[in-house]
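Since the structure comes first, as structure tokens, the remarks are kept for the end.
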Number of protein chains: 2
Amino acid sequence: MKAETRRLTRKSDHTRQRILDAAASTLANRGYAGTSIKAIADSIDMQDASLYYHFESKDALVLEVLRTGVVLSEEAVNAAVSALGEQPDPIDALRAAIVAHAEAVLGMGDYPRANVRNFGQLPQEIVSAQMSHQRRYGKVWRNLIEAAMASGRLRQDMNTRAMRMLILGALNWAPEWYKPRGELSPGDVGRQMAAMIIEGLLATGAAQPVRRQKQGNGR
Amino acid sequence: MKAETRRLTRKSDHTRQRILDAAASTLANRGYAGTSIKAIADSIDMQDASLYYHFESKDALVLEVLRTGVVLSEEAVNAAVSALGEQPDPIDALRAAIVAHAEAVLGMGDYPRANVRNFGQLPQEIVSAQMSHQRRYGKVWRNLIEAAMASGRLRQDMNTRAMRMLILGALNWAPEWYKPRGELSPGDVGRQMAAMIIEGLLATGAAQPVRRQKQGNGR
DNA sequence: GTCTATACGTCGATAGAC
DNA sequence: GTCTATCGACGTATAGAC
């Protein structure tokens, strides 16, 4: 694309982004059913009809928000694992991934939250369109668990699908109860979840205490 | 209520129950947004207007379905814990509760599933009206975890709220991925979840293998 | 690009015949 | 008890002026 063209579309791009942000916020807080085009438009002082200049339909807009949410989560998890080096310990990698996903859905804003909070309640056509991205992210987790399993460090008597879903279910539920101004930061929740999932709830010698970290949003 | 009166309302009661069952099924499978009065009425070959003879409003109907779902789950959990005797081991009690809740949301039909699948996406007024029942069930879990915590058998470095939510999040997510005709029965999933949650994912001497049980819906 | 106006479907809910 | 008919509000989306 030429610089000329890019300059011409700048205002359009900016408005488009404002609409996406507003849609992400409304989706994260009120759900798909409560997210009308009018509600989105109202929140940025725009007429609902004007929105159709930027997006073909409500579903196209929603889809882009959800897709962004998955991509952000995936990037966060991949970055956290990559930060461990070339051949990370597979349990460390799993732990880092759990913390990163928790931080994404609790602390990275509206997009990842919009994605996980609406996952189970979307119309079939949106689910289908979103599937490929969701699958790719699912594969990241499948690989993490397979690597940990292959290392012999995970118990071999469990269904790996159940393992994966235990992790994602517990983490994706967190936005329903987490209070941003409470005593735990998103990272704190992530580390507690990781510790409980990996080492279990029982008090044993194996369990290492989890240190709470000071963060800006602590009280 | 006199026998006379009861007899007169029998047909009404029967129809009322059919409506509730249809609503539970639609709610469990299509979510609150996809559950219109017409959709419910259609599924039992009735006109949507006729439904208002039995229920004051859509919300009243939905509320009764959700309330039934919580009550069924609560009764299942209480029964499972009570079956352990007067002074059960608190870890055994927690394990039994996890299995019972899993069996409820995966194998007890539409009502518990309708409840957990819609929890995060309901209009504010329904949430408020449902709160008292949800709280009572939450207290059952708080008591279970407090008892286990007080016994010193659970690690003391974790937030108990995070513990409770880890458990319920993992279990309430199960209906999203569980395949009724797959190799695992609801009880199998419950026992695997309980084992992973309580003893963790790591292979250690502490972890006991979980036996899979034969059930009618196995393949 | 954004506006006003409007088409058109579906929603929950009511009125009144039978 | 269940039906047909209908109301008003709100949903997505389009047409056309500016």
Side-chain angles (χ1 to χ4, degrees), chain A residues 4-23 26-27 29-66 118 121-127 129, chain B residues 4-24 26-27 29-66 114 118 121-127 129:
Chain A
E4 217 84 351
T5 312
R6 219 181 300 135
R7 195 172 303 127
L8 284 171
T9 58
R10 254 184 212 162
K11 183 189 174 185
S12 173
D13 284 353
H14 178 246
T15 304
R16 192 185 149 85
Q17 193 56 52
R18 282 177 61 224
I19 295 170
L20 282 165
D21 289 349
T26 312
L27 279 168
N29 295 318
R30 297 202 246 161
Y32 180 81
T35 299
S36 63
I37 293 290
K38 187 173 182 310
I40 297 168
D42 280 352
S43 74
I44 52 173
D45 292 310
M46 188 179 247
Q47 295 302 312
D48 47 354
S50 307
L51 212 142
Y52 286 92
Y53 175 81
H54 302 275
F55 293 91
E56 193 187 330
S57 67
K58 174 187 175 179
D59 283 4
L61 168 56
V62 169
L63 209 54
E64 189 160 334
V65 170
L66 299 180
N118 288 286
Q121 58 170 298
L122 298 168
Q124 193 52 50
E125 36 171 314
I126 292 205
V127 173
Chain B
E4 216 83 349
T5 312
R6 218 181 301 133
R7 195 172 304 126
L8 284 171
T9 58
R10 254 184 212 161
K11 183 188 174 187
S12 173
D13 284 353
H14 178 246
T15 305
R16 192 185 148 85
Q17 193 56 53
R18 282 177 61 224
I19 295 171
L20 282 166
D21 290 348
T26 311
L27 279 168
N29 295 318
R30 296 201 249 162
Y32 180 81
T35 299
S36 63
I37 293 291
K38 186 172 183 310
I40 297 168
D42 279 353
S43 73
I44 51 174
D45 291 310
M46 188 180 248
Q47 295 302 312
D48 48 353
S50 308
L51 212 140
Y52 286 92
Y53 174 81
H54 302 275
F55 293 91
E56 193 187 329
S57 67
K58 175 187 176 180
D59 283 3
L61 168 57
V62 169
L63 210 52
E64 190 160 333
V65 170
L66 299 181
N118 288 284
Q121 59 170 299
L122 298 168
Q124 193 53 50
E125 34 171 315
I126 292 205
V127 172

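Just so it is clear: chains get the letters A, B, ... in the order the sequence lines come, proteins before strands, and each one is counted from 1.
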Report task. Rounded off to whole Å, could you give me the CZ-to-P distance for the A:R16 and C:dT2 pair? Result -> 13 Å

Requested in this report: Any chance you could measure A:K58, atom NZ, to A:L63, atom CG, to the nearest 0.5 Å?
Outcome: 12.5 Å

Write down the protein N/O and nucleotide N/O pairs, taken from nucleotides 13-15 of chain C, whose separation is under 3.5 Å; answer none if there are no such pairs.
| unit_1 | atom_1 | unit_2 | atom_2 | d |
| --- | --- | --- | --- | --- |
| C:dA13 | OP2 | B:Y52 | OH | 3.1 |
| C:dA13 | OP2 | B:K58 | N | 2.7 |

Query raised in the report: Under 4.0 Å between a side-chain N or O of B:S50 and OP1 or OP2 of D:dG1?
Result: no

Report task. Kindly indicate whether the side chain of B:I126, heavy atoms from C-beta on, has any atom under 4.5 Å from the side chain of B:N118. Result -> no

Show me the donor-acceptor pairs within less than 3.5 Å that the side chains of residues 38-55 of chain B make with the rest of the protein, sequence neighbours left out.
| unit_1 | atom_1 | unit_2 | atom_2 | d |
| --- | --- | --- | --- | --- |
| B:K38 | NZ | B:D42 | OD2 | 2.9 |
| B:S43 | OG | B:I40 | O | 2.8 |

Query raised in the report: Would one find a side-chain N or O of B:S12 under 4.0 angstrom from OP1 or OP2 of D:dT2?
Result: no

Report summary line: The reported gap from CG in A:L27 to CG in A:L122 (rounded to nearest 0.5 angstrom) is 8.5 Å

Query raised in the report: For the pair made of CZ in A:F55 and C1' in C:dT2, what is the distance, rounded to whole Å?
Result: 16 Å

Query raised in the report: Given atom CD of A:E125 and atom C1' of D:dT12, what is their separation to the nearest angstrom?
Result: 12 Å

Requested in this report: For residues B:R18 and B:D21, determine if any side-chain heavy atom of one lies less than 4.5 Å from a side-chain heavy atom of the other.
Outcome: no

Requested in this report: Answer yes or no: does a side-chain N or O of B:Y53 lie under 4.0 Å from OP1 or OP2 of D:dG1?
Outcome: yes

**Report entry** Reported CG-to-CZ distance for the pair B:D13 and B:R16, which is rounded to 0.5 angstrom
**Finding:** 7.5 Å

Requested in this report: Would you mind reading off the distance between B:L61 atom CG and C:dC11 atom C1', rounded to a whole angstrom?
Outcome: 15 Å

Report task. Would you tell me if any nitrogen or oxygen in the side chain of B:S36 comes within less than 4.0 Å of OP1 or OP2 on C:dC11? Result -> yes

**Report entry** Nucleotide C:dC11, atom C1' - distance to OH of B:Y32 in whole Å
**Finding:** 11 Å

Query raised in the report: Can you check the B:D42 CG to C:dC11 C1' distance for me, whole Å?
Result: 13 Å

Report summary line: Separation of D:dA13 atom C1' from A:H54 atom NE2, nearest Å, is 16 Å

**Report entry** Atom-pair distance (NZ on A:K38; P on C:dT2), nearest Å
**Finding:** 17 Å

